[in-house]
Amino acid sequence: MVRQKVRAQTVALGFGLVDQTKIVTAASELARNTLDYGGGGSVTLEVLESDQRVGLSLKFTDQGAGIANIELALQNGYTTGGGLGLGLGGAKRLMHEFEITSEVGKGTCVTTVRWRQQS
Amino acid sequence: MSLSSTSKIADLLEKNETELLRNWLTELEASGLRRDDLMRSTELNQQCHEFLRMFRSAAQHENFSDVQAPEWGSVRQLLTDISRDRAQQGFTPSEVATFIFSLKKPLFDQLKRELAQQNDLLIDSIWTVTDVLDQLGLWTTEVFQQTREKVILRQQQELLELSTPVVKLWEGILALPMIGTLDSARTQVVMETLLQQIVETGSQVVVIDITGVPTVDTLVAQYLLKTVEAARLMGTDCIISGIRPQIAQTIVHLGLDLSGVITKATLADAFAIALKKRQLTIVSKASQSV
Amino acid sequence: MERIPILQMGQFLLVTIQVDMHDRLALALQDDLTNRIVKTSASGVLIDISSLEIVDSFIGRVLGNIATVSQLLGAETVVVGMQPAIAITLVELGLSLSGVRTAANVDTGMRLLQTVLGVPFHGGLNANP
Ligand SMILES: Nc1ncnc2c1ncn2[C@@H]1O[C@H](COP(=O)(O)OP(=O)(O)O)[C@@H](O)[C@H]1O
Ligand SMILES: [Mg+2]
């Protein structure tokens, strides 16, 4: 399951508990969207490393209906599936970098990164 | 730099090491660098000795004038250690650099004596030695600075922890008296600590006192409110006390919603509310006995 | 199908969520609780989430729904034991569960219910409701 895989990776990278929880929660939101609205898809985890910092990148891809208005979809409370409409916007707030590309009828791709706090 | 000057220097270091060491120590003493209050003279003696030994072996290589070359690795390491130690012992950066610079005179004296008849070689050698010792002196300063920066950073962090103590006012009542200007990084750390403390102490009421905070920016104000919300999710009530007029205006100006938050003018007022929430009352002994 | 056990303690129902709660399990819990409230005429529900790994918007919504539905059926709900990391994350997510009562642990949750419902404490001299 996505959550467990993401959790294990954040632990391995030395993220603190709060950061772990934020990343796993964002992953949970995005994975659910991929299933509910994208008809299923794939998740790719990638470790980002430079001499300055370490981060975890999550990429969710599906070949579903796509999102016509991304700005609207990101708004708190906007939902077409009877949800709370907090998934996309919330995931964006929980992560440091967030990018959506989507094409109606073709599918959606969300890539998001959280960097580890330096200390 | 000519090869002959390098080998001359290596020669000389080898031949006159004892004398050189003695003169160097005399020089160090004259420059006031023998700080018996900060380190023992045997330690200094040893460091000088060690340095000369490594210096000599580095001088046998062709890369003599480039102190970043691998041949200089052990000399740089030694100086790094010395410099780091002294930064912590309380020496000044110039005192540390003088350790190296004070080798110049004894070394020049010897070169002058040895090469009295070969003027060109003498000038060449002195130039080479100056160049190398200057580089090494700068190296010690650089390391010194890095060490100081680390010390300062550590002290800042310690201060940060000290300046935001979470204190237990009463069974089940915590207080966080915040003092000084809040930036968002500090606020975040403090708030996470607070929430953790709530769990550890099993507190039901928390007073965040910001009497000692002159102003807040948007981000900090938002963090405060988020903390109150997070505490509520954990089953703990938050009271914010000591909001200065200016901060109150910031909050209004930002359109932040404080309606779900209990605010009080002073820590004492907040404490009274906290006691009430815990269904506790303070009774004076006098009135009790009536 | 796997289900989350519901314990009865006098007039209260206690649910301890101990697993990584997937969606179907959460929805089943919502149904089960509703049925139990009706069957037992319980006046309070305690949901202990201290072992829960995360609360995302889906689980958050289920918790909110349980509170609303319970209230319609005459029972107060208290969510207890939320960990700091989860609380911080939920706030950032934008979910404040404003309609849900909260408490630090089962013990304080129980007392909160008793205060809200105006019932005397268990274990005291007048503990027989
Ligand atoms: N992968 C996706 N493919 C198609 N539409 C999506 C996808 N993800 C999100 N959406 C659209 O964006 C809306 C908002 O998503 P979200 O913020 O997660 O809220 P919710 O899941 O509660 O509806 C969804 O209701 C849906 O219309
Ligand atoms: Mg969603």
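Order of the sequence lines sets the chain letters (A, B, ...), proteins ahead of strands, with each chain counted from 1.
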In terms of heavy-atom pairs under 4.5 Å, which option from T21(A), V24(A), L94(A) contacts chain C the most?
T21(A)
So do the side chains of [X] and [Y] get within less than 4.5 Å of each other, counting heavy atoms only?
{"X": "F98(A)", "Y": "R93(A)", "value": "no"}
{"X": "T77(C)", "Y": "R101(C)", "value": "no"}
{"X": "L90(C)", "Y": "M82(C)", "value": "yes"}
{"X": "Q114(C)", "Y": "F12(C)", "value": "yes"}

Under a 3.5 Å distance rule, please check whether Q20(A) uses its side chain to pair with a backbone N or O of F15(A) as donor and acceptor.
yes
Of the backbone (N, CA, C, O) and the side chain (C-beta and beyond), which part of R32(A) lies under 4.5 Å from a heavy atom of chain C, both, or neither?
side chain
Under 4.5 Å heavy-atom distance to chain C, tell me which part of A91(A) shows up: side chain, backbone, both or neither.
backbone
Chain A shares the most heavy-atom pairs under 4.5 Å, among D23(C), I86(C), V55(C), with D23(C)
Check whether Q83(C) gets within reach of chain A through its side chain, its backbone, both or neither, counting any heavy atom under 4.5 Å.
neither
